[in-house]
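Written out below as structure tokens is the structure these notes cover.
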Amino acid sequence: NIRAEAGYGADIDKNAEGQHNSRYKASAEYRSFAVGKQFNIKAGSFNSNTGNGYSRTTDASIGFLRTWKEKTTLSGNYHLNNNYRRTQSISRQVYFPSEQYQTRTYDDTSQFTNKDMTHNLSFMLERRGKYNFLTFRPSATFSIRSSNNYRGALNTIDGEELNRVRTSQRNDTRSYSVNETLSWSKSFNKSQHRIYFTLIGGLSQNDINGWQIDSVASNNERTYLNNTTNGYNRSLSASVNYSFNINQKNYFSTEYSISYVNSGSERIAINQYTGQIDSSLTSNYTQNNTTHKVSVNYRRRIKKISITSTLQYKASLVNKDELFMDTHHDRVVFQSIMPTLEIYYPINQKSRLSFNYSGYTYQPSIEQLRNELNYSNPLYLSGGNPNLRQSRVHSFGIHYTRTNTTNASSLHVSLTTSITRNAMAMRQIFFTEETPLPEYDGYIASKGATLTLPTNINGTKSVRGGFDYSRQLASLKSSLSIS
């Protein structure tokens, strides 16, 4: 069959120039079906206007599926996506009075444009038997991106202009990735036992060329940097799962998984005026992450009550080697035990009650742990914290659900609470004068700049409640929803 649609119109509200932005949408699709065969082609384009920008998207795809004797299936798909996006924004931050000032404002103006094109090719080969199956899924992606960014910032204290900066950037990016997933499963002893194995691999490359121009009004400083970045990522993971239906009331499973990620990045920033390397924006490092997970799951039914418990141990080893400007070899190990418990109780055919508990952790990202300074906006600096620790969260929840098919109504009430230890938060330092930062190669923070750093706080607590009710109103041919 063939399907096509198109539309054209304009926004009701006028833009800043007093005109109505135009809107369009067009798409077409062709599908063919036969016994054990499928084929489709699809293409479309549309645009949208938002409060702070404009976007345009064009995509096309072609796919097929072939099945032999309901046991072997081969499918493939190619997808092309082309995007254009333009945004602009103006914002103001007003701060509470402090010992350093009575009034303080931070004004920020930004403009951003982005063009990108992505090609994606994927296949799937699957073989299914009565007690086993085998699946292989390879895919490849290639993309080209070009972006331009402008930002202007102004810091004012007690009515006096403290500092004004402007930053312009352009980056051209070419990247590709190749991924594969292999899955195998086999059941035996009348499907009472089951083994499931998965192998996942990936390879990606990212190359960026660009420039950055910064100007600071307080000292008439102007820098022009040429940036070149080459990065890669290689990953491999494997997992094996064994499950055993002990009887109708008891179920047991266990799983072990291991993953390895090797990544690296080489970035060089050269000052166009002086020919010198900017050490704060130049880096050369490799990183290796190895993660082991072991989990045990047990489920038991006691009359109408179902109890499910899981205990998982996780160990992550992160090795980071920096080669520029100074040589550093860092090794970080994270370990955690993550338990879960769920109790499910069907009160009757219409009502259900459940309770759940889970314990999990949040690990700092490598960017948060790296002792680097980002000064793409000289008035709004951000850095890392090598002493950052992982957060541990304990979450509890109770849920009640009632469904009535007679009058097509449903009710859901929930209450959840969470407690976080070593919660990660952001700390800000404001500089009233030009201040050297020795921990960042002596970079001098401009007068009026703010430095934001991740840090751990003692803990946080939260309680949330929810209420949802819906019912069909047959006499009005409508529905009522209350949340």
Side-chain angles (χ1 to χ4, degrees), residues 1-6 25-46 57-83 116-143 175-204 233-245 248 251-259 293 295 297 299:
N1 56 51
I2 299 176
R3 179 182 177 181
E5 61 180 11
K25 180 180 181 181
S27 64
E29 183 177 11
Y30 168 77
R31 291 184 177 183
S32 176
F33 302 91
V35 178
K37 298 179 181 179
Q38 295 183 26
F39 179 77
N40 67 83
I41 300 178
K42 185 177 181 180
S45 181
F46 67 92
T57 300
T58 302
D59 58 14
S61 64
I62 180 171
F64 74 93
L65 184 145
R66 183 77 166 89
T67 303
W68 292 272
K69 297 181 180 180
E70 299 182 354
K71 291 184 177 182
T72 304
T73 302
L74 175 65
S75 63
N77 184 77
Y78 167 75
H79 183 244
L80 168 67
N81 185 269
N82 191 356
N83 292 303
D116 63 81
M117 178 179 292
T118 302
H119 304 265
N120 178 264
L121 182 64
S122 61
F123 293 93
M124 190 271 290
L125 176 63
E126 184 176 77
R127 172 74 176 179
R128 287 188 174 273
K130 186 176 181 179
Y131 296 108
N132 58 75
F133 76 84
L134 178 67
T135 305
F136 180 58
R137 299 173 181 267
S139 64
T141 301
F142 174 76
S143 63
S175 62
Y176 74 87
S177 64
V178 179
N179 300 279
E180 63 81 20
T181 301
L182 177 66
S183 303
W184 173 80
S185 176
K186 182 175 178 59
S187 301
F188 50 94
N189 196 11
K190 298 181 180 180
S191 298
Q192 190 175 7
H193 302 263
R194 181 174 178 266
I195 295 178
Y196 184 79
F197 174 78
T198 304
L199 180 66
I200 302 175
L203 171 65
S204 64
N233 185 286
R234 308 183 187 104
S235 63
L236 183 65
S237 64
S239 65
V240 58
N241 177 281
Y242 169 75
S243 61
F244 174 38
N245 284 310
Q248 293 182 348
Y251 169 86
F252 170 83
S253 69
T254 183
E255 181 175 328
Y256 169 75
S257 65
I258 180 174
S259 63
K293 292 181 182 179
S295 63
N297 176 274
R299 184 173 67 240

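It should be emphasised that the depicted structure is a prediction, and the values quoted were computed from it without experimental measurement.
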Which residues share a ring-ring contact (aromatic ring centres under 6.0 Å, His included) with Phe64, sequence neighbours left out: none
Non-neighbouring partners of Thr198 that pass side chain to side chain donor-acceptor pair (under 3.5 Å), sequence neighbours left out: none
Listed partners of Glu5 passing side chain to side chain contact (heavy atoms under 4.5 Å, CB included), at least two apart: Arg3, Lys25, Ser27
Set of side chain to side chain contact (heavy atoms under 4.5 Å, CB included) partners for Asn77, sequence neighbours left out: Ser61, His79, Ser122
Test side chain to side chain contact (heavy atoms under 4.5 Å, CB included) applied to Leu121 - qualifying residues, sequence neighbours left out: Tyr78, Phe123
Separation of Ser257 OG from Lys293 NZ (nearest 0.5 Å): 5.5 Å
Qualifying residues under side chain to side chain donor-acceptor pair (under 3.5 Å), relative to Tyr176, sequence neighbours excluded: none
Residues which pass ring-ring contact (aromatic ring centres under 6.0 Å, His included) with Phe39, listed by chain and number, not counting sequence neighbours: none
All side chain to side chain contact (heavy atoms under 4.5 Å, CB included) counterparts of Asn297, not counting sequence neighbours: Tyr251, Ser253, Thr308, Thr310
Partner set under ring-ring contact (aromatic ring centres under 6.0 Å, His included) for His193, not counting sequence neighbours: Phe188, Tyr242, Phe244
For Ser175, all residues meeting side chain to side chain donor-acceptor pair (under 3.5 Å), sequence neighbours excluded: Ser143
Residues that Ser185 engages under side chain to side chain donor-acceptor pair (under 3.5 Å), provided they are two or more places apart: Arg194
Residue Arg66 excluded, over 12 heavy atoms near CZ under 6.0 Å: yes
Under 3.5 Å donor-acceptor, Thr254 side chain and Ser295 backbone: yes
Residues 126-138 side chain polar contacts: donor-acceptor under 3.5 Å, at least two apart:
unit_1: Glu126; atom_1: OE1; unit_2: Arg128; atom_2: NE; d: 3.2
unit_1: Glu126; atom_1: OE2; unit_2: Thr135; atom_2: OG1; d: 3.3
unit_1: Arg127; atom_1: NH1; unit_2: Thr72; atom_2: OG1; d: 2.8

